[in-house]
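Please read the structure below before turning to the comments.
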Amino acid sequence: MADEASMFALAFRDSPIGMAILDEDGRYLEVNGTFLRIIGRTSRDLTGHYFGVHTHPDDLNRDVELMGQLSSGELPYFQVQKRFLHHSGDTVWTRVTVSNAQAPTGTARRFIAQVEDITEIRRAKDLLERRALYDHLTGLANRNLLIDRLTRALDGHEKRSTTVACIFLDIDHFKIVNDSLGHEAGDNLLIEIATRIRGCVRSGDTVARLGGDEFVVILDNVVSQAAAEGHLAVIAEAVQVPFKIEEHEVVPTVSAGLAMAEEGITAESLVRNADMATYTAKQGGRNRYEVFSSKLRNEALTRLSIEAELRTALREGELVVYYQPVVELATREIVAFEALVRWQHPTRGLVMPDEFIPICEEANLVVPLGAMVLHEACDFIARNPRFNGRVFVNVSTRQIGSADLTRVVKQALAASGIPARRLGLEITESGMLLATNAAHSDLAAITNLGVDLIIDDFGTGYSALSSVLQNPVSGLKLAREFTLRLGDRAIGDRISTTIATLTQSLNMYGVIEGVETEAQYRQARRHGWTYGQGYLFGRPSPVERIVFGADGSVNILPAPDATADTLAAQ
Ligand code: C2E
Ligand code: MG
Ligand code: MG
């Protein structure tokens with residue numbers, strides 16, 4: 001018996017787990033070294049003292065109650081996470097298991113407590129919780145916390161006279177900063193913008209980052225839509241202050257959407273409404289905001305149904321390619337065709353690309369669509385051996401780089417058996433500015449195959465010519481808006497002359513687009529343009545209406561009736 005007692009004493013003293021024996025009133029009778037180390041106390045501090053003295057006040061009531069249940073026999077033991085007050089003043093998190101000691105009958109009741117230090121585990125857990133609720137880059141709320149706060153705000157506001165507004169913000173052209181100046185620069189810009197937005201809101205408002213360059217602000221307790229618009233204006237202005245990244249000055253702007261709480265709306269729907277409004281703001285030219293409305297929702301729904309229809313259209317072959325001639329101005333001889341896609345819609349008739357290409361781009365359908373057009377265009381050349389000119393195909397930025405346009409081009413060339421020099425690609429000036437590094441090497445690979453690359457809609461992208469010419473381009477097309485201004489003896493004529501001269505001196509392939517009248521034709525020639533395209537020389541036509549003669553002539557048959565294509569131009 002004595003041996004057993006001393007064995008127990010040893011085990012108690014040397015246990016790597018903190019241990020204490022308490023009397024019926026919760027006073028320490030015995031404590032071991034590990035327990036003393038955990039809470040940074042000496043045995044003198046504890047022995048004979050009530051356990052509550054070193055217990056965190058927030059945990060005391062619970063512990064007292066549990067000890068009571070242990071005494072009364074309601075519980076055989078209990079285990080809790082409990083905070084002790086360390087000698088240093090810190091709080092120590094522990095896991096404590098307390099049980100009744102088997103005391104011989106007639107002796108007083110004893111409690112045995114086992115104590116493990118779980119401060120590190122708690123710290124890791126707190127960190128995980130923080131990660132789960134906050135954006136690691138900016139420290140702003142993340143989507144989870146945003147939805148949680150917004151749900152609470154929406155629950156609360158029905159009892160008040162004020163309302164809740166949700167602002168969605170998207171940084172304009174963030175991708176350009178990220179791609180051209182690097183991810184670190186991009187991150188710095190995000191952090192700076194987060195700070196600016198936070199600096200504009202009231203203490204009860206929540207600012208969140210949803211990832212990427214999207215931010216959301218919840219205005220709780222806002223009196224009206226006008227007041228919310230006022231807040232939005234303040235934020236937009238604060239964001240616009242020039243910002244220096246390395247030696248570059250960036251003037252950030254945002255496209256924003258505002259949505260006001262409606263009766264019974266959920267947090268997710270309110271954020272989605274604001275997002276939808278932002279989308280419209282971006283479509284409308286960026287650096288502006290839109291307020292969500294049911295009209296806007298209907299437009300979005302139409303888009304969604306068009307998107308669904310387009311998937312079918314691609315499968316069912318409803319997307320067809322028309323070809324518009326490009327002529328040598330001096331002779332009016334057809335030297336090339338531009339492939340232009342149309343949607344032969346089962347009920348709506350011929351739908352023009354401006355209506356569906358942007359939707360394809362958003363919905364990631366432009367990659368399969370682009371591949372289809374490339375294959376068709378190469379086939380067009382292969383099937384018309386009497387024609388020895390080129391075909392130009394429009395490609396959108398999303399087809400280049402990660403979508404591996406080089407591979408698609410190779411496949412189209414191989415399938416049709418035409419040489420690379422018979423194919424050209426057109427990329428808009430703005431598309432070229434948005435191209436990533438991966439895209440630039442994709443373009444270089446394509447030109448190495450022998451396929452020419454030309455800049456479309458030149459003059460509309462506000463780019464420094466030098467930045468566009470960093471790409472392996474061999475030609476450009478003057479945007480139609482300048483052709484419309486030919487003969488104005490002002491900016492239209494000046495731009496046309498300058499660019500024609502430039503094209504010649506760089507020995508590039510220069511095309512003036514949208515020539516509709518003889519007067520424009522004469523001006524174009526006078527300004528020095530070599531090639532032209534426009535209704536004057538021929539409209540975009542389906543293959544059936546393009547007839548190649550044995551003598552090399554090309555005849556474009558008129559449309560049997562006025563289709564949407566010809567109507568659109570009148
Ligand atoms: P774009 O590449 O600048 O094509 C020229 C547009 O101007 C065509 O419009 C053409 O029909 C129109 N056009 C040509 N001559 C005249 C003229 O004398 N007067 C007028 N008013 N218009 C003229 P379209 O076919 O509606 O195409 C619009 C845009 O859609 C194209 O502009 C191009 O950016 C895009 N697009 C067309 N097909 C494709 C495609 O297969 N892939 C991609 N990514 N984009 C395409
Ligand atoms: Mg084009
Ligand atoms: Mg164009």
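Start at 1 and go down the list; that is how both ligands and their atoms are numbered. Treat the numbers as computed from the prediction; the structure is a model and nothing was measured.
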Between S305 and T302, does the side-chain hydrogen bond (donor to acceptor under 3.5 Å, both in side chains) criterion hold? Intermediate values first, please.
CA-CA 5 Å; S305 77; T302 310; 5.7 Å; no
Show your working on side-chain contact (heavy atoms from CB on, under 4.5 Å) between E192 and F243 and close with a plain yes or no.
CA-CA 8 Å; E192 173 67 19; F243 176 58; 3.5 Å; yes
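Between D456 atom CG and I427 atom CD1 the span is 9.5 Å, to the nearest 0.5 Å.
A donor-acceptor contact closer than 3.5 angstrom is absent between the side chains of Q240 and T253. A side-chain donor from one of E229 and Q225 sits under 3.5 Å from a side-chain acceptor of the other. Between the side chains of S269 and T266, at least one donor N or O lies within less than 3.5 Å of an accepting N or O. D442 and Q399 share no donor-acceptor pair across their side chains, judged by distance under 3.5 Å alone. Judged purely by distance below 3.5 Å, without hydrogens or angles, the side chains of D172 and S255 pair a donor atom with an acceptor atom.
Atoms of ligand 1 lying under 4.0 Å from any heavy atom of E516, numbered from 1 in the order shown and given with element: 17 (C), 18 (O), 19 (N), 20 (C), 21 (N). Atom numbering of ligand 1 starts at 1 in the shown order; those under 4.0 Å from a heavy atom of D457 are 3 (O). If you number the atoms of ligand 1 from 1 as listed, the ones under 4.0 Å from a heavy atom of V515 come out as 18 (O). Shown in contact with S396 at under 4.0 Å from a heavy atom are these atoms of ligand 1, numbered in order with element: 44 (N). Numbered from 1 in the order shown, with element, the atoms of ligand 1 that lie under 4.0 Å from a heavy atom of D456 read 1 (P), 2 (O), 3 (O).
With distances taken over non-hydrogen atoms, the option nearest atom 5 (C) of ligand 1 out of E513, E361, Q520, R398 is E513. Of the candidates G514, P353, P325, the one placing a heavy atom closest to atom 30 (O) of ligand 1 is P353. The heavy atom nearest to atom 43 (C) of ligand 1, out of those in N394, V321, V366, T428, is found in N394.
The proximity of P540 to ligand 1, defined as any non-hydrogen pair under 4.0 Å, is limited to the side chain. When non-hydrogen atoms are compared, ligand 1 lies under 4.0 Å from the side chain of V373 (C-beta onward) but not from its backbone. When heavy-atom distances to ligand 1 are checked against a 4.0 Å cut-off, K477 has no atom that comes that close, whether in backbone or side chain. At a 4.0 Å heavy-atom cut-off, ligand 1 touches L340 through backbone and side chain alike.
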Which side-chain N or O atoms in residues 524-532 pair as donor and acceptor under 3.5 Å with protein atoms at least two apart or in another chain?
residue: H527; atom: ND1; partner: S496; partner atom: OG; Å: 2.7
residue: W529; atom: NE1; partner: S496; partner atom: OG; Å: 3.1

Only pairs under 3.5 Å count here: list side-chain donor-acceptor contacts from residues 363-390, not counting sequence neighbours, and write none if there are none.
residue: N384; atom: ND2; partner: F380; partner atom: O; Å: 2.8
residue: R386; atom: NH1; partner: F548; partner atom: O; Å: 3.0
residue: R390; atom: NH1; partner: D452; partner atom: OD2; Å: 2.6

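Taking distance alone, with nitrogen or oxygen atoms compared against 3.5 Å, Q533 stays at or beyond that limit from ligand 1.
The Mg ion (ligand 2) does not have T428 among its coordinating residues (no N/O/S atom, backbone or side chain, under 2.8 Å).
Put simply, the angle at the Mg ion (ligand 2) from OD1 in N394 to OE2 in E338 is close to 90°, to the nearest 10°. With the Mg ion (ligand 2) as the vertex, atom OE1 of E426 and atom OD2 of D456 span an angle of 90° (nearest 10 degrees).
Ring centroids of F168 and Y289 are separated by 6.0 Å or more, keeping the two rings apart.
Contact between R539 and ligand 1 is absent, with no heavy atom of the residue lying under 4.0 Å from the ligand.
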